[in-house]
S.K.: 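Let me give you the structure first, and then I'll get to my questions.
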Amino acid sequence: MPSLLVQHPEQVTASAPAEMPRRRTRVFALSEARWAVTALTLFLLALPIQLAGASAWVWGPLYGVVYVTGGWEPAREGLRALREKTLDVDLLMIVAAIGAASIGQVMDGALLIVIFATSGALEALATARTQDAVRGLLDLAPATATLVLDDGSETTVATRDLVVGNTVLIRPGERVGADGRVTDGASEVDQATITGEPLPVAKEAGDEVFAGTLNGTGALRVRVERDASDSVIARIVTMVEEASETKAPTQLFIEKVEQRYSLGMVVATLAVFLVPLAFGADLTGSLLRAMTFMIVASPCAVVLATMPPLLSAMANAGRHGVLVKSAVVMERLGQVDLVALDKTGTLTEGTPRVTEIQPLPGSGLDEDALLAMAAGAEHPSEHPLARAVVDAARTRGLTVPDTRDFTSAPGTGVTATVDGHTVAVGAPARLLSGTGAASARAAALAETLESDGRTAVLVQRDGTPVGVLGIADRLRPDATATVAALTALTGAAPMLLTGDNPRAAARVAEEVGISDVRASLLPGDKVTAVREEARTGRKVLVIGDGVNDAPALAAAHTGIAMGRAGSDLALETADAVIVRDELATVPAAVNLSRAARRLVVQNLVIAGVFISVLVVWDLIGHLPLPLGVLGHEGSTVIVGLNGLRLLREDAWKRAATGRR
């Protein structure tokens with residue numbers, strides 16, 4: 001056991017686990033995608049043939065296959081809904097498409113089919129990818145663990161077979177196989193997947209560890225305290241699945257009146273057909289009037305009144321690094337009235353940086369000399385704090401001296417010979433043992449740094465403290481401005497929800513102007529905080545990046561993930577992704593969503609006026625079919641072009657500056 005507690009970095013690297021495979025559903029593994037692509041391909045083949053003036057016997061069969069391949073699944077779902085005594089827009093669109101074909105508008109009907117088939121395929125793909133990410137989360141926990149038997153011997157068992165009371169050995173570089181408590185050994189464990197903390201946490205006897213977290217350079221004996229099905233990582237999976245299933249169904253604005261509109265249109269079309277027949281009108285004339293009514297009253301223009309503004313806003317946001325996953329999300333984004341932010345990787349960069357260099361009086365060192373000495377000792381180490389020290393020295397253009405006799409003590413620090421001196425760099429609480437003036441000054445300085453939310457690193461030369469380094473996760477340059485913009489947009493200051501320690505959380509919150517700080521939260525605690533606000537009527541926007549944020553992202557009214565360093569689960573669970581990690585794009589996207597909602601209202605008014613005029617004309621007069629089609633298509637073009645205004649660059653600029 002002791003031989004495992006001090007290791008050279010090359011030994012640790014050799015035992016590090018291989019990268020875990022990603023589970024990802026292929027697009028064409030979904031039947032919805034295969035049928036949608038087939039329908040789209042045939043439509044794109046038939047359209048130029050028709051426009052070229054070829055015989056209908058050439059392009060007609062191609063359109064016919066489009067109707068079948070793209071329409072059979074929506075038709076099936078619509079009929080299922082009909083059996084349950086509901087009438088949905090899928091069936092209405094199929095009927096409208098067939099009605100259009102019956103009066104010669106074959107291409108219009110085929111286009112409607114293709115749009116609906118493609119929409120269904122995208123929805124199915126998004127659902128499958130989210131399920132992939134949730135299932136893949138279980139890969140964080142290793143499949144096997146080293147079980148220590150009562151006689152001290154070791155055997156390899158499946159982690160699912162571990163029971164409460166078992167003792168397992170976690171070697172350097174291995175992932176922890178079960179939730180439990182350390183009984184022997186010391187190490188530093190990277191538990192960012194669970195708590196979001198940017199730095200590994202020192203663990204020794206009595207400390208709790210979580211399944212799926214990554215052990216550092218020491219060996220640990222851990223007593224299992226939870227079954228595999230009850231581990232924190234398993235509960236994260238359960239919370240994401242439950243939040244996704246219980247989240248209220250989302251609909252576009254126009255879909256909220258879908259049932260009444262659909263039923264009313266069907267009843268009205270039948271009345272337009274049957275009433276004249278009852279009074280002696282001829283069959284052909286009544287059918288033509290009914291089909292004309294169905295065309296002019298169909299919700300195509302209303303649907304297009306809603307979609308182009310939202311899709312244009314999505315495209316514009318995408319060009320500027322915000323990937324919004326659906327039109328529903330684009331609409332909901334503008335409704336948020338409270339924002340909850342993660343800390344590490346969201347407000348901060350997620351990478352530790354040296355922020356203070358404090359040589360002690362009498363050490364004979366300046367800042368550069370102290371940093372170079374510490375970097376020399378830390379250079380062979382793979383610890384994140386060591387990398388921060390070495391990076392700081394290189395950033396200053398310092399020469400990192402050669403190192404000999406390097407050793408690493410988990411939870412304590414490193415020791416090496418640098419320029420003929422024995423240099424130790426590590427935790428002040430572990431390295432400080434003397435009572436001299438230098439030790440007292442170093443302890444006071446370390447305490448001051450830690451009270452400000454920094455991680456203090458002591459540097460000793462030949463057993464005497466010579467300086468202290470302060471290390472912290474650096475705030476994003478746009479974090480403060482983003483918090484102010486979100487406060488102005490929502491009318492409420494954002495919350496900070498983090499698994500990091502209270503001091504680090506308070507420091508970041510103070511810098512960006514957040515007063516509501518909730519620290520040391522596990523994933524379930526974040527979900528609870530979001531749901532408490534939702535119960536008061538708030539529409540909460542959650543912004544995060546890690547596995548520990550995924551349940552809250554799923555439970556929120558809208559969730560946005562930071563893309564560059566975001567976990568697979570967070571990226572798939574979130575409704576939108578900030579691809580370029582520019583936090584300032586969030587308020588711009590919210591403003592763009594609100595602009596899209598205003599255009600939707602404008603378009604609905606335009607579409608409603610056109611439909612009303614055409615319907616009244618058809619009912620009380622004689623509306624020629626070509627004129628009815630022209631009016632219907634004209635309204636569609638007008639609302640479509642109006643919605644495309646949000647594609648312009650100045651639309652994003654106005655959103656970014658908060659102007660309408």
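Everything numeric here is computed off the predicted structure, so don't read it as measured data. The residues of the chain are indexed from 1 along the displayed sequence.
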S.K.: How many angstroms lie between CZ in Arg226 and CZ in Phe210, if you round to the nearest 0.5 Å?
M.R.: 6.5 Å
S.K.: Treating Ser408 as the side-chain partner and Val414 as the backbone partner, does any N or O pair qualify as donor plus acceptor under 3.5 Å?
M.R.: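 No, because the side chain of Ser408 does not come within donor-acceptor range (under 3.5 Å) of the backbone of Val414.
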S.K.: Identify whether the distance between the nearest side-chain nitrogen and carboxylate oxygen of Arg353 and Asp473 falls below 4.0 Å.
M.R.: no
S.K.: Between the side chains of Glu367 and Arg396, is the shortest nitrogen-to-carboxylate-oxygen separation below 4.0 Å, so that they form an ion pair?
M.R.: yes
S.K.: Can you establish whether the number of heavy atoms outside Asp151 located under 6.0 Å from its atom CG is more than 12?
M.R.: yes
S.K.: Less than 4.0 Å between a side-chain N and a carboxylate O, is that true for Arg223 and Glu208?
M.R.: no
S.K.: Is it the case that the side chain of Asp452 and the backbone of Leu449 share a donor-acceptor pair, with hydrogens and angles ignored and the cut-off at 3.5 Å?
M.R.: no
S.K.: Using a 6.0 Å cut-off, check whether atom CG of Asp402 has over 12 heavy atoms from anything other than its own residue.
M.R.: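 No - once you tally the heavy atoms of other residues, nucleotides and ligands closer than 6.0 Å, there are 12 at most.
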S.K.: Taking NZ, NE, NH1 and NH2 as the nitrogens, is one of them in Asp342 or Lys526 under 4.0 Å from a carboxylate oxygen of the other?
M.R.: yes
S.K.: Hey, does the side chain of Thr348 reach the backbone of Gly345 with a donor-acceptor pair shorter than 3.5 angstrom?
M.R.: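 Checked: pair present.
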S.K.: Please check if the side chain of Asp478 supplies one atom and the backbone of Ala584 the other of a donor-acceptor pair under 3.5 Å.
M.R.: yes
S.K.: If we ignore hydrogens and angles and just use 3.5 Å, is the side chain of His421 paired with the main-chain N or O of Val423 as donor and acceptor?
M.R.: no
S.K.: Is the count of non-hydrogen atoms from other residues, nucleotides or ligands lying under 6.0 Å from Arg181 atom CZ greater than 12?
M.R.: yes
S.K.: Assess the residue pair Thr403 and Thr417 against the criterion (side-chain contact (heavy atoms from CB on, under 4.5 Å)); give the C-alpha distance rounded to whole Å, side-chain angles, the decisive distance to 0.1 Å, and a yes or no.
M.R.: CA-CA 6 Å; Thr403 301; Thr417 301; over 6 Å; no
S.K.: If you apply the rule side-chain hydrogen bond (donor to acceptor under 3.5 Å, both in side chains), what do you find for Thr558 with Asp575, and how did you get there?
M.R.: CA-CA 6 Å; Thr558 310; Asp575 301 303; 4.9 Å; no
S.K.: Would you find a donor on one side and an acceptor on the other, under 3.5 Å apart, between the side chain of Arg454 and the backbone of Glu356?
M.R.: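 Not confirmed, Arg454 side chain does not pair with Glu356 backbone.
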S.K.: Is a salt bridge present between Asp516 and Arg518, judged by a nitrogen-to-oxygen distance below 4.0 Å?
M.R.: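 Salt bridge flag = yes for Arg518 with Asp516.
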S.K.: Is it the case that the side chain of Thr395 and the backbone of Asp391 share a donor-acceptor pair, with hydrogens and angles ignored and the cut-off at 3.5 Å?
M.R.: yes
S.K.: One thing to verify: whether Arg507 and Glu450 come together as a salt bridge, which I'm taking to mean a side-chain N less than 4.0 angstrom from a carboxylate O.
M.R.: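 Judged by the 4.0 Å cut-off on N to carboxylate O distance, Glu450 and Arg507 do not form a salt bridge.
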S.K.: Identify which one of Arg221, Glu154, Arg171 satisfies the side-chain hydrogen bond (donor to acceptor under 3.5 Å, both in side chains) criterion when paired with Thr146.
M.R.: Arg171
S.K.: Can you give me the closest heavy-atom contact between Ala479 and Leu583, atom names plus distance?
M.R.: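 That would be CA-CD2, 4.0 Å.
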